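Remember, it's 1-based here, ligands and their atoms both numbered in the order they're listed. Every value quoted in this text rests on a predicted model; they were computed, and no experiment measured them. Computation of the quantities below employed the complete heavy-atom set of this structure, encompassing side-chain atoms and omitting hydrogens, waters and symmetry-equivalent molecules.
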Amino acid sequence: MQELAGQVAVVTGGSRGIGLAVSRAFAEAGARVAVIGRDGARAEQAVASLPGSGHGAHVCDVADSAAVSQVVEHIEAELGQISILVNNAGITRDNLVVRLRDDDWDAVLDANLKGAFHMIRAVARGMMRRRSGSIVNITSVVGLTGNAGQANYAASKAGLIGLTKSVAKELASRGIRCNAIAPGYIETDLTAALDEKRASAIRERIPLGRLGHPDDVAAAVRFLAGPAARYITGQVLVVDGGMVL
Ligand code: NDP
């Protein structure tokens with residue numbers, strides 16, 4: 001079903017991992033997709049792999065407020081008005097809290113939380129004028145539970161949940177929905193560093209018995225972004241194989 005035909009969707013960090021799976025799911029649903037990443041060649045490669053036509057690759061660091069305003073303007077000029085935004089770009093810089101450097105804190109908060117704020121502010125004006133739009137923020141189960149060794153990352157992801165609920169309340173009257181997805185352990189570059197011993201310990205904590213695939217998250221994003229979720233806003237949908245129950 002091409003339920004997103006005619007729509008323009010922006011996916012930050014759409015060049016690999018979960019973001020690439022989301023971009024593919026949107027393209028399959030008929031949307032034109034603007035992929036944002038820091039590495040231009042990788043973003044171009046991602047766009048070339050998408051089904052359909054009219055997609056675009058864009059280089060932008062979402063932590064840079066001015067760059068975000070420019071890229072959103074550029075996307076709207078090139079592809080048309082943005083109706084879907086997925087804030088997926090994210091990084092980790094793990095360490096125990098007493099060893100975290102200021103720079104580890106700032107880099108993670110700037111990319112994961114401030115970046116989402118920059119993007120939402122830049123696309124919301126157009127969505128408000130058109131009285132329609134859908135925003136999905138990719139948080140994490142650790143934003144709900146906390147995680148030793150990830151104070152900066154968990155704080156950024158918990159912050160995204162507060163951002164999601166506030167934006168949902170603020171923009172609902174303008175026909176804009178804002179939801180979040182909290183993935184558990186998904187097999188991507190971000191989790192590739194796990195050795196087999198850790199991976200099998202994690203698997204034991206997951207009732208569905210396996211780590212997640214990016215497509216598992218993409219299916220949930222496609223649902224929340226699209227018309228089937230028209231009466232859902234301000235929610236956090238956990239996609240973790242039952243790990244956090
Ligand atoms: P990857 O490391 O595989 O991909 C990250 C993507 O984000 C890349 O496309 C990267 O672009 C982009 N990116 C990172 N920082 C920036 C930035 N400042 N500006 C623009 N783009 C940026 O990550 P995953 O696919 O694993 O994760 C995607 C999201 O899902 C993240 O927010 C992550 O926190 C979240 N998540 C992941 C889980 C997992 O188990 N994998 C679990 C829970 C949540 P480039 O290629 O140019 O570097």
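Under the side chain to side chain donor-acceptor pair (under 3.5 Å) criterion, D189 pairs with R16, not counting sequence neighbours.
In this model, a donor atom of one side chain and an acceptor atom of the other lie less than 3.5 Å apart for S65 and R121. With hydrogens and angles left out, the side-chain atoms of D94 and Q150 include a donor and acceptor closer than 3.5 Å. N137 and N87 are linked by a side-chain donor-acceptor pair at a separation below 3.5 angstrom, with hydrogens and angles left out of the test.
At least one side-chain heavy atom of I135 sits less than 4.5 Å from a side-chain heavy atom of I176.
A salt bridge does not link D64 to K114: none of the charged side-chain nitrogens sits closer than 4.0 Å to a carboxylate oxygen.
Protein residues with a heavy atom closer than 4.0 Å to ligand 1 are G13, S15, R16, G17, I18, G37, R38, D39, R42, C60, D61, V62, N88, A89, G90, I91, A111, I138, T139, S140, Y153, K157, P183, G184, Y185, I186, T188, D189, L190, T191, listed by chain and number.
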